[in-house]
Novice: 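Below: one structure in structure tokens.
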Amino acid sequence: MLLVLLIALIVYYTGGTRFSYAHLIYVPIILAAYFYKIKGGVITAVTGGLFLGPFMPLNTDTMVSQGLENWSFRMSMLIIIGAFSGYLFSLLESQLEKVNQIAYYDPETGLPNKIKLKQAMETEIAAENDFYLIILSINNFIDIYKVIGFMNFSNYIKELLQYIKNFKNLKNKIYYINENKYGIILKKEENEELLIYLNKFVEYMDHAVKFNHLSIFNDISLGISNYPEQSQIADELLDQAFVALKKANSKKLQFWQYQQEDSNFKDNNIQILADINQSIINNDFEIYYQPKINLLNNNVETLEALIRWNHPQKGFMSPGKFIPIVEQSSLIEPLTEWVIKQVLSDIDQFNQNKEKENYSIAINISARNLQHPNFAESLIKNLELFKINPERLSLEITETDLILEIKENIKKLQRLKQKGIKIYLDDFGKGYSSLKYLKELPVDYLKIDRYFIKNIGEEKATENIINSIINMAHALDLKVVAEGVETKEQLDFLTGLNCDYAQGYYFARPDTKENIIKWLAEEEKYNFN
Ligand code: C2E
Ligand code: CA
Ligand code: CA
């Protein structure tokens, strides 16, 4: 209103409405429309119209006044402009609000999303308010999905979030990351000691949440990062909380607070897969071989092929570090193909002396290899291509991997067995060993997991288990291989139980083809007793 008055004065002292200064009146109208929408625009237009209307002369020098139609026409135009711009501004505001809602909030839970989480962290960082960032993961969400169904899942999540919000003062502190991960900003000054808080929270989450007459338990874990101790950058804190979450899960803990040492845990899986791909092309892999000893005559009949990676930057890497990651991706197929071809081209070098030597080689394969519809056929083709008798090749596969698609796998293994390829059931006893399946599986050998062998001489119960495994395997007409034999004591115990084969550092460590060929040639070493 003041602005309207000011403009009226300007118009008056500059000579009246005949000059273009009168157009200044649009400024307060549009401003009022911006702030107060249609109502503001119209009221200001009417007031402005009146101020520039009946009391304002056309020319202050001559004091000639305006005609009625002159100022009333102007006023109607001003009202139209005020109303219309007010309408436009309110439309714009509601649209902006919608865009804002879509960009910053999850539509299903209504929670602010990851962008908001980062903004909120940045605000706290700018104000130097110390806080913890917690990432909460619902680990069993797939199981929950299965039980309550797809349609109900988002309703259930809302119910669960309500339950979480009721814990202490979490109400406005939860952010959506994805359907099973949520971020929480916990200000240090407002809360008790972190450990006490987390323990209470975990205990609180240990209760079932009621949903549609069901009581649903949530298997949760928490990864925590710490501002300012561990980082002063929002992105980095997010990263660290995720690394901590991964570590909590791998250690089967309910929570883990990020520490500097965990940074190597970050060894990004994506990076490993990209490097694997490159290394297949560059031939950065190598096969090591480890002999299996026939305990009846101390002879070596078979060698196990174990892959090694000469990583261009990280150096020598053992398969325990990368195979579990590669197995989750389709890259395990070209990698196994590489191993197969390498082994097939090595076999003849182990068997130079045709009369005396008859070594076969065992390759480790993953569930995903067997699942590939062409695996058996392509293996057989490769054998033909390299002109290798299939009896020279065997496969090692873990029981857990075999049981995944048991009917299909049995068929595939039978096809390979017909050809003469032998099958080892690897890591026996480590997974869910199911005797029911053992009878049906077309395997020839059973490898007792190293864990059991390690406890020989230390745990009577384990020794009894080994005894039972051997007897059971023999009853099913399977030969038994003991893995990881490191001492004479372990060897003697196993020989006493009629274990058929043994493999381990006591005899030979896995080594390059050249070294193992040399080792095999020095026959006196075969006298292990
Ligand atoms: P695995 O099949 O159970 O292989 C036996 C592992 O125990 C090997 O580890 C071997 O070096 C180690 N070992 C042998 N004797 C002893 C011993 O006396 N004491 C101890 N402490 N360890 C012993 P490695 O070579 O690191 O391989 C780890 C795992 O990686 C293998 O376990 C296998 O599951 C997987 N793997 C290795 N090569 C391949 C491959 O070419 N393809 C696939 N899919 N998996 C592979
Ligand atoms: Ca193996
Ligand atoms: Ca094994």
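Worth saying up front: this structure is predicted, and the values here are computed from it rather than measured. Both counts, for ligands and for their atoms, begin at 1 and track the order of listing.
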Novice: Which residues and atoms, protein N, O or S only, are under 3.0 Å from the Ca ion (ligand 2)?
Specialist: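 Under 3.0 Å from the Ca ion (ligand 2) - ignoring waters, which are not counted - the protein N, O or S atoms are E304 OE2, N364 OD1, E396 OE1, D426 OD2.
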Novice: Please state whether K447 comes within less than 4.0 angstrom of ligand 1, counting heavy atoms only.
Specialist: no
Novice: Answer yes if the side chains of Y501 and E301 hold a donor-acceptor pair under 3.5 Å, and no otherwise.
Specialist: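 Note: Y501 and E301 side chains meet the donor-acceptor criterion.
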Novice: Under a 3.5 Å threshold, yes or no: a donor from one side chain and an acceptor from the other, between E159 and N155?
Specialist: no
Novice: Given I224, which of I184, I134, L186 fulfils the side chain to side chain contact (heavy atoms under 4.5 Å, CB included) condition?
Specialist: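 With I224 as partner, I184, I134, L186 yield a single side chain to side chain contact (heavy atoms under 4.5 Å, CB included), made by I134.
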Novice: If we ignore hydrogens and angles and just use 3.5 Å, is the side chain of D444 paired with the main-chain N or O of I423 as donor and acceptor?
Specialist: yes
Novice: Where does the angle between the aromatic ring planes of Y163 and Y204 fall among parallel (under 30°), tilted (30 to 60°) and perpendicular (over 60°)?
Specialist: parallel
Novice: Please list, in number order, the atoms of ligand 1 under 4.0 Å from a heavy atom of Q290.
Specialist: 14 (C), 15 (N)
Novice: In terms of heavy-atom contacts, does NZ of K116 have more than 12 from other residues, nucleotides or ligands at under 6.0 Å?
Specialist: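 Yes, the 6.0 Å shell around NZ holds more than 12 heavy atoms from other groups.
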Novice: By number and element, which atoms of ligand 1 are closer than 4.0 Å to a non-hydrogen atom of E483?
Specialist: 3 (O)
Novice: For atom 32 (O) of ligand 1, is some protein heavy-atom partner under 4.0 Å away?
Specialist: no
Novice: Under 4.0 Å from any heavy atom of E486, which atoms of ligand 1 are there?
Specialist: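 Counting atoms of ligand 1 from 1, those under 4.0 Å from E486 are 17 (C), 18 (O), 19 (N), 20 (C), 21 (N).
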Novice: Among all protein heavy atoms, pick the one closest to atom 10 (C) of ligand 1 and tell me residue, atom and distance.
Specialist: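 Result: L306 CD1, 3.8 Å.
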Novice: Suppose we measure from atom 38 (N) of ligand 1 to each protein heavy atom; which comes out shortest, and what is that distance?
Specialist: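 Atom 38 (N) of ligand 1 sits closest to the protein heavy atom I307 N, 3.1 Å.
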Novice: List every atom of ligand 1 that sits less than 4.0 Å from any heavy atom of D427, numbering the atoms from 1 in the order shown and giving each element.
Specialist: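 Matching atoms, with element in brackets: 3 (O).
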Novice: Is there a heavy atom in K454 that sits closer than 4.0 Å to ligand 1?
Specialist: no
Novice: Among K447, K292, R509, find the residue that satisfies the salt bridge (Lys or Arg N to Asp or Glu O under 4.0 Å) test when tested with E304.
Specialist: K447
Novice: With K188 as the cation and Y132 as the aromatic partner, state whether NZ or CZ is under 6.0 Å from the six-membered ring centre and within 45° of the axis.
Specialist: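 Geometry flag: set, cation within 6.0 Å and 45°.
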Novice: For residues 450-459, which residue pairs pass the side chain to side chain donor-acceptor pair (under 3.5 Å) check, not counting sequence neighbours?
Specialist: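 Of all non-adjacent pairs touching residues 450-459, those that pass side chain to side chain donor-acceptor pair (under 3.5 Å) are E459-T462.
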Novice: Are N180 and Y145 close enough that a side-chain donor and a side-chain acceptor fall under 3.5 Å?
Specialist: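 Distance-only check fails for N180 and Y145.
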Novice: Applying a 4.0 Å heavy-atom criterion (strictly less than), which segment of N364 is in contact with ligand 1: side chain, backbone, both, or neither?
Specialist: both
